[in-house]
**Student:** 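Before I ask anything, let me first share the structure, which is written out below as structure tokens.
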Amino acid sequence: MQATNVVILAAGNGSRMKSDLPKVLHQVAGRAMVDWVVAAVAPLKPNKILTVTGVGAKQVQDHLAGKSDFVVQEQQLGTGHAVLQTKQALADNEGATLILSGDTPLFTTETLQALLDEHARTKNAVTVLTAFAENPTGYGRIVRGEDEMVLKIVEEKDASVTERRIQEINTGVYIFDNQLLFEALSQVGNDNVQAEYYLPDTLDILREMGQQIGAYQTMDFSESMGVNDRVALAAANKIMRTRINRGHMQNGVELIDPDNTYIDAGVQIGKDTVIEGNVTLKGKTVIGQDNVLTAGTRIEDSTIGDENVITSSHLEEALVENQTTIGPYAHLRPLAEIKDRAHLGNFVEVKKATVGLGSKVGHLSYVGNATLGADVNVGAGTIFVNYDGVNKFDTTVGDRVFIGSNTKIIAPVTLADESITAAGSTITDDVDFHQMGIARSRQTNKDDFWDRMPHKKG
């Protein structure tokens, strides 16, 4: 196969996004749009990926560092002018150049490979990627001749009544013979309302040179969606998440309500895991087999083992082993580690702490900067007090410790194996093996208290 370079156009202002973030860095299913484009072209094994940057150039270049080379379009003077910025890097190269936009995240490698294959087979000067649109309004139409070659691409505002009925549209993706591309670009003018240099004008120039202009039609119109505003961004997210969810279901994951399940690209899920609606899985999350995630659960950058039940809870940068039960409404913050068969009940928060094998933190408790051993029971309302306003301190809890309800553990402190704290205690000192820590004020009952109340005769 002929050598191929890739040019990604990512210089635009994206004013309709109404954002300080460069348009191509807005996310679709957990990845920047331009990342999806790079991921689609990388398996084609191009000689070079060259991204044309402009507005927000440093942000885009920093984001794609190591994945692409770059040129800068200092003034945004149209798509033809953008591609012309790559002349020094590409003009002398043999082979083909694939051009696509950084705001088209839905193209697949399979579609782009088919376009490359068609271009190589037909030996066209340029092959345009097209799609069939049920409603082509707003798109440039592909006008073909009797030999099925492309006669022209006509924008809707310039199309005749007959041309507007054409349903084959231009997706904005092209593959050119590289040297013919730059020969044609040198002849593109800017005699138009915007005074810009348009890449599609090269097709007329190449035709006048006697070159063949071809097209390849993809079967999936949705791939052609460009993202120019937040409405289109939401639509692209929906399409991409549908693809992602379908892939997980085909791999043995049960999604109860896939239309309302939000799974980022790159999330891994084992077979026979059941996920209810309104669950969000983000980032570098890995989930094992035979888990149940109920509605309202949100998991980000976390690792979950097998056979866990996580009920309406929020996990971020946490590690959960196997056969645990968590929630409802538990919150696992960064560096929370939950060992096998542990239990966290409702409204439990764990941060930078380990809950040991078979241990239970029933409800309404906070465990921070602590290490809990095996088979620990933490009573309701227990607070691990780890912060003095300046520094954070650690607590160590041994195996088979019983912590009474409403205990306050003031770190740094150690509770040895099989020790106990009495309910309502404020523990400031270590508790040794088989000791009970009791630290609460003595109860005093006042006589005649009721009789002294102002309402006693009411």
Side-chain angles (χ1 to χ4, degrees), residues 29-30 244-245 247-258 261-363 365-378 384 396-401:
I244 291 169
N245 290 355
H248 285 298
M249 289 187 286
Q250 289 170 340
N251 289 328
V253 178
E254 183 173 349
L255 303 185
I256 302 300
D257 185 4
T261 301
Y262 310 98
I263 304 175
D264 276 359
V267 170
Q268 301 176 42
I269 310 173
K271 66 181 181 179
D272 293 321
T273 285
V274 178
I275 301 175
E276 295 182 356
N278 197 28
V279 169
T280 300
L281 306 177
K282 297 182 66 64
K284 299 176 181 178
T285 293
V286 178
I287 297 173
Q289 302 182 72
D290 296 293
N291 295 284
V292 176
L293 311 180
T294 77
T297 293
R298 179 186 176 93
I299 302 176
E300 183 170 358
D301 294 326
S302 298
T303 300
I304 313 298
D306 301 331
E307 300 179 25
N308 301 285
V309 177
I310 300 176
T311 305
S312 305
S313 294
H314 186 174
L315 288 69
E316 48 188 318
E317 298 179 38
L319 171 62
V320 176
E321 293 190 347
N322 308 297
Q323 299 178 333
T324 71
T325 52
I326 295 173
Y329 311 118
H331 185 186
L332 274 60
R333 293 168 58 194
L335 300 180
E337 184 173 345
I338 313 303
K339 297 293 189 181
D340 288 352
R341 300 192 302 282
H343 167 69
L344 307 181
N346 52 299
F347 301 103
V348 169
E349 183 171 351
V350 180
K351 177 253 179 187
K352 199 177 180 181
T354 298
V355 177
L357 182 72
S359 291
K360 298 177 177 60
V361 185
H363 41 282
S365 295
Y366 171 71
V367 183
N369 291 81
T371 301
L372 277 60
D375 297 315
V376 173
N377 188 89
V378 178
F384 285 72
T396 301
V397 178
D399 297 338
R400 297 175 298 285
V401 172

**Student:** Looking at Ser313 and Pro328, what are the two nearest heavy atoms and their distance?
**Tutor:**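 Result for this residue pair: OG-C, 4.0 Å.
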**Student:** Between Leu344 and Thr324, is there a side-chain heavy-atom distance shorter than 4.5 Å?
**Tutor:** no
**Student:** If you take all heavy atoms of Ala353 and Asn369, which pair is closest and at what distance?
**Tutor:**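 What the structure gives for the nearest pair is CB-N, 4.2 Å.
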**Student:** As an exercise, state the distance from CD of Glu307 to CD of Gln323, rounded to the nearest 0.5 Å.
**Tutor:** 4.5 Å
**Student:** Between Arg400 and Asp375, does any NZ, NE, NH1 or NH2 come within less than 4.0 Å of an OD or OE carboxylate oxygen?
**Tutor:** no
**Student:** Quick one: does Ile269's side chain get under 4.5 Å of Ile263's, heavy atoms only?
**Tutor:**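 They are in contact (side-chain heavy atoms under 4.5 Å apart), so the answer is yes.
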**Student:** If we only count heavy atoms from C-beta on, is the Val397 to Val378 side-chain gap below 4.5 Å?
**Tutor:**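 Heavy-atom side-chain distance check fails, nothing below 4.5 Å.
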**Student:** Would you say the side-chain atoms of Thr396 pair up with the backbone N or O of Thr371, donor to acceptor, closer than 3.5 Å?
**Tutor:**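 Flag not set: sc Thr396 to bb Thr371 has no pair under 3.5 Å.
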**Student:** What is the minimum heavy-atom distance between Thr294 and Thr297, and which atoms define it?
**Tutor:**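 Taking Thr294 first and Thr297 second, the nearest heavy atoms are O-OG1, 3.0 Å.
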**Student:** Rounded to the nearest 0.5 Å, how far does CG of Asn308 lie from OG1 of Thr325?
**Tutor:**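 Separation between the atoms: 9.0 Å.
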**Student:** Hey, does Arg341 have a side-chain heavy atom less than 4.5 Å from the side chain of Leu357?
**Tutor:** yes
**Student:** Is any side-chain heavy atom of Tyr366 closer than 4.5 Å to a side-chain heavy atom of Lys351?
**Tutor:** yes
**Student:** Any donor and acceptor pair, going by atom type alone, linking the side chain of Asp264 with main-chain N or O of Gly283 inside 3.5 Å?
**Tutor:**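 Indeed, once roles are kept as given, a pair shorter than 3.5 Å links the two residues.
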**Student:** Tell me whether Asn291 contacts the main-chain N or O of Gln289 through its side chain, where contact means a donor paired with an acceptor under 3.5 Å.
**Tutor:** yes
**Student:** Give the minimum heavy-atom separation between His343 and Gly362, together with the two atoms involved.
**Tutor:** NE2-O, 4.3 Å
**Student:** Is any side-chain heavy atom of Val361 closer than 4.5 Å to one of Val367?
**Tutor:**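 Val367 vs Val361: side chains touch.
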**Student:** Going by side chain to side chain donor-acceptor pair (under 3.5 Å), name the residues that satisfy it together with Glu349, two or more places apart in sequence or in a different chain.
**Tutor:**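 Glu349: side chain to side chain donor-acceptor pair (under 3.5 Å) contacts with Arg333.
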**Student:** Tell me if a side-chain donor or acceptor on Asp340 pairs with a main-chain N or O of Glu321 at a distance below 3.5 Å.
**Tutor:**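 Not a single qualifying donor-acceptor pair exists.
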**Student:** Once you round to the nearest 0.5 Å, how far does CG of Leu332 lie from CD1 of Ile326?
**Tutor:** 5.0 Å
**Student:** Is the shortest side-chain heavy-atom distance between Leu293 and Leu281 below 4.5 Å?
**Tutor:**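 Side-chain contact under 4.5 Å: yes.
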**Student:** Would you give the length of the straight line joining atom OG1 of Thr354 to atom CG of Leu335, rounded to the nearest 0.5 angstrom?
**Tutor:** 9.0 Å
**Student:** Measuring from Asp290:CG to Asp272:CG, what's the distance to the nearest 0.5 Å?
**Tutor:** 5.0 Å
**Student:** Indicate yes or no for a side-chain donor-acceptor contact from Glu254 to the backbone of Val274 under 3.5 Å, with no hydrogens or angles considered.
**Tutor:** no
**Student:** Give the minimum heavy-atom separation between Gly356 and Ala342, together with the two atoms involved.
**Tutor:** O-CB, 3.8 Å
**Student:** With a cut-off of 6.0 Å (strictly less than), are more than 12 heavy atoms of other residues, nucleotides or ligands near NZ of Lys352?
**Tutor:** no
**Student:** Tell me if a side-chain donor or acceptor on Asp257 pairs with a main-chain N or O of Glu276 at a distance below 3.5 Å.
**Tutor:**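 Such a contact is absent between Asp257 side chain and Glu276 backbone.
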**Student:** Does a side-chain heavy-atom distance below 4.5 Å link Glu317 with Asp301?
**Tutor:** yes
**Student:** Looking at Pro258 and Leu255, what are the two nearest heavy atoms and their distance?
**Tutor:**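 Heavy-atom minimum between the residues: CD-O, 3.5 Å.
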**Student:** Just how far is it from atom CD1 of Ile244 to atom OG1 of Thr261, taken to the nearest 0.5 Å?
**Tutor:**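 If we round to the nearest 0.5 Å, Ile244:CD1 and Thr261:OG1 are 12.0 Å apart.
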